[in-house]
Protein chains: 2
Amino acid sequence: MSHHAIRQVLQGVPHFQSLRRELFDRVVGMSRLRVYRKGEFVFRQDDPCRGFFVVRRGGARLYRVAPDGRERVLRIVSPNSAFAEAALFQSGHYPVFCTAVDEGTELVEIAGAPFLELFRSEAALAEAMVAGMCRRLHGAIGHMEELIALGAGARLAHYILGLPGREDESGTFVELPSSKKDIASYLSVTPETLSRLLRRWSDLGWISVRGSRLDIHDAPALGAISDGAEGPAVKSFRAGA
Amino acid sequence: MSHHAIRQVLQGVPHFQSLRRELFDRVVGMSRLRVYRKGEFVFRQDDPCRGFFVVRRGGARLYRVAPDGRERVLRIVSPNSAFAEAALFQSGHYPVFCTAVDEGTELVEIAGAPFLELFRSEAALAEAMVAGMCRRLHGAIGHMEELIALGAGARLAHYILGLPGREDESGTFVELPSSKKDIASYLSVTPETLSRLLRRWSDLGWISVRGSRLDIHDAPALGAISDGAEGPAVKSFRAGA
DNA sequence: CGATATGTTGAAGTTAATCAAATCTTGTGG
DNA sequence: CCACAAGATTTGATTAACTTCAACATATCG
């Protein structure tokens, strides 16, 4: 029975934290769990929006394709995070493409129409959703600032430090949530540059790279880089007004 | 009597479009109009959030200040647009600084507390707000994509073409909504680079620059630039999956 | 086990930042 | 109304970061 799994996943999502039992159950009732193969499309740009999603296992890769075929990864969604909620309230079409990162990726899909209905009748849900979106908005702005103001090295360092770290007998490490190609696209650098940066830090003894696993040996050093040390960064201008 | 002015301004804002008369009147009732001097602070980062704003005349300049004093313009708000709504639902503190762009800038301030109360009790308002925020979110993501994927020239061209164009006996023109220094900061280029780009296009006969007024003589050429022609742009990668 | 995609490394070219300094604006006090 | 000071804008020369191009190495999948 997947209801239990669905319940478990949705409980972990901020959107539904403050929801009273009865409403939460209704949301669970309008949801279903689906398993995807690696690279399988979850939806395509301009598809009509059937609902939004929460990741249970694996990952979702949101990206856009330019007219000339180049693609840009906008977000890599990890377990327990929601995505595509905004599409519900917009044009009713998904504004991006979405594929599964790993074989066996599991997503909970919350049906759009019934959810919208519930949304309209329940202020608590509305407020929780709005709060969640504000968070996302600020996240996007933060990412934006990062990407623009800082050099490639700072972006990568910041990104790595932002990944959920795990512990091990060999120390702290993080797992890249997708291929290095995608990470590079997300950070808006070429795969070559990404590779070279990892290499440099590896040579400096700050990290070790084994496939998609990065062992962090000197987080403070990365922190310094991520705060603008070293990189080019637009030195911008001093206050005024 | 400023109520008429307030009513007039708020009617033009998407957030309140779908509101029935009675609710709209209540929103008007919790708003006040205020005039600012050039460069005057509207609020500072971390100030407690008293409410949010709509521009009636002039402009609002939202920016952040880095620890070392450098500032970055995140948004320049023009008449009939709202800002700082997100702060209401977040921590209750403004996440940025805001100053008035022009002498005599007029802003409508909608008081936060009563508005939130109304928001909680009125699903229609909630939905309109959410829709507005989704728009903003997509706007931010769009801006982000621009800033990152495209070169300085493409960003500027795109920005210019996005400004509201006016007509004149001498043709089409746009008015920069703030100083070139601020525009440069917003586009994340140095003032020097901005100046050089305008110069180049001016030499090519595509535009004429007279202070903050730009006459557009060859919009298609700018359009080509803004679509990635010329610029460096991360040539990224071809499809897959 | 071979084919295709991903990741790595090296050399060269370009964009845009930085540094330095001149010129133009704007607001102020005389 | 004019001279001056402060800031904004422009221009030139230099420099560094990152992309691009090319080629090799390593995975991954059928």
Side-chain angles (χ1 to χ4, degrees), chain A residues 37-40 61 70-73 99 101-103 147-157 176 178-185 187-203 209-214 225 228-241, chain B residues 37-39 61 70-73 101-103 147-157 176 178-185 187-203 209-214 225 228-241:
Chain A
R37 293 185 320 239
K38 177 169 182 170
E40 183 180 352
R61 175 171 166 279
R70 302 186 311 219
E71 58 183 57
R72 158 166 308 285
V73 175
T99 57
V101 173
D102 303 315
E103 187 69 30
L147 284 168
I148 299 154
L150 308 171
R155 301 206 291 270
L156 177 58
L176 297 179
S178 186
S179 71
K180 287 178 186 161
K181 176 171 89 92
D182 285 344
I183 307 284
S185 174
L187 295 173
S188 205
V189 298
T190 56
E192 292 96 320
T193 298
L194 175 59
S195 176
R196 277 188 259 267
L197 285 168
L198 291 176
R199 187 67 159 80
R200 185 190 307 167
W201 297 343
S202 192
D203 287 345
V209 185
R210 258 155 42 207
S212 67
R213 171 181 166 145
L214 307 186
I225 292 292
E230 183 85 5
V234 177
K235 282 290 187 286
S236 289
F237 346 90
R238 300 214 143 258
Chain B
R37 293 186 321 238
K38 177 169 181 170
R61 175 171 165 279
R70 302 186 312 222
E71 58 183 57
R72 158 167 308 284
V73 174
V101 172
D102 303 316
E103 186 69 29
L147 283 169
I148 300 153
L150 307 171
R155 301 206 291 272
L156 177 57
L176 297 179
S178 186
S179 71
K180 288 179 185 159
K181 178 170 87 94
D182 285 344
I183 306 287
S185 175
L187 295 173
S188 206
V189 298
T190 57
E192 293 95 321
T193 298
L194 175 59
S195 176
R196 279 188 257 267
L197 286 169
L198 291 177
R199 188 68 160 79
R200 186 191 306 165
W201 297 343
S202 192
D203 288 345
V209 185
R210 257 153 46 204
S212 67
R213 171 180 167 146
L214 306 186
I225 292 292
E230 181 87 3
V234 177
K235 282 289 188 290
S236 288
F237 346 90
R238 299 214 143 259

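First the proteins, then the strands, lettered A, B, ... as listed; each starts at 1.
To the nearest angstrom, C1' of D:dA27 lies 19 Å from CZ of A:Arg213. Rounding to whole angstrom units, CG of residue A:Asp102 and C1' of D:dT28 are separated by 14 Å. Atom P of nucleotide D:dT19 and atom CG of A:Leu156 are separated by 12 Å, given to the nearest angstrom. A straight line from CD of B:Glu192 to P of D:dA13 spans 15 Å, rounded to a whole angstrom. The interatomic distance linking A:Arg37 (CZ) with D:dG30 (C1') rounds to 14 Å, in whole Å. A:Arg210 has its CZ atom 15 Å from the P atom of C:dT8, to the nearest Å. Rounded to an integer number of Å, the gap from NZ of B:Lys181 to P of C:dT25 is 19 Å. Following rounding to the nearest Å, A:Arg155 (CZ) and D:dA17 (P) show an atom-to-atom distance of 14 Å.
Put simply, A:Thr193 has no side-chain N or O that comes within less than 4.0 Å of OP1 or OP2 on D:dC18. Checking the phosphate oxygens (OP1, OP2) of C:dA17, a side-chain nitrogen or oxygen of B:Thr190 falls inside 4.0 Å.
The shortest side-chain heavy-atom distance between B:Lys180 and B:Leu198 falls under the 4.5 Å cut-off.
Among the nucleotides C:dT8, C:dA17, D:dT10, the one closest to the side chain of B:Val189 is C:dA17. Side-chain atoms of A:Arg199 lie closest to C:dT9 of the nucleotides C:dT9, C:dG7, D:dT10. Minimum atom distance to the side chain of B:Ser179 is reached by D:dT9, of the listed D:dT9, D:dA22, D:dT10. Closest to the A:Lys38 side chain, of the nucleotides D:dC29, D:dA8, D:dT11, is D:dC29.
Under a cut-off of 6.0 angstrom, the local environment of CZ in B:Arg37 is sparse, with at most 12 non-hydrogen atoms contributed by other residues, nucleotides or ligands.
Residue-to-nucleotide contacts include a donor-acceptor pair under 3.5 Å from the side chain of B:Arg196 to the base of D:dG12. For D:dC29, the base has no donor-acceptor partner in the side chain of A:Glu103 [N/O atoms by modelled type, under 3.5 angstrom].
Side-chain atoms of A:Thr99 do not come within 3.5 Å of backbone N or O of A:Glu40 as any donor-acceptor pair. Side-chain atoms of A:Arg155 come within 3.5 Å of backbone atoms of A:Ser188 as a donor-acceptor pair (strictly under, hydrogens ignored).
Taking CD1 from B:Ile183 and CG from B:Leu156, the interatomic distance works out to 9.0 Å, rounded to the nearest 0.5 Å.
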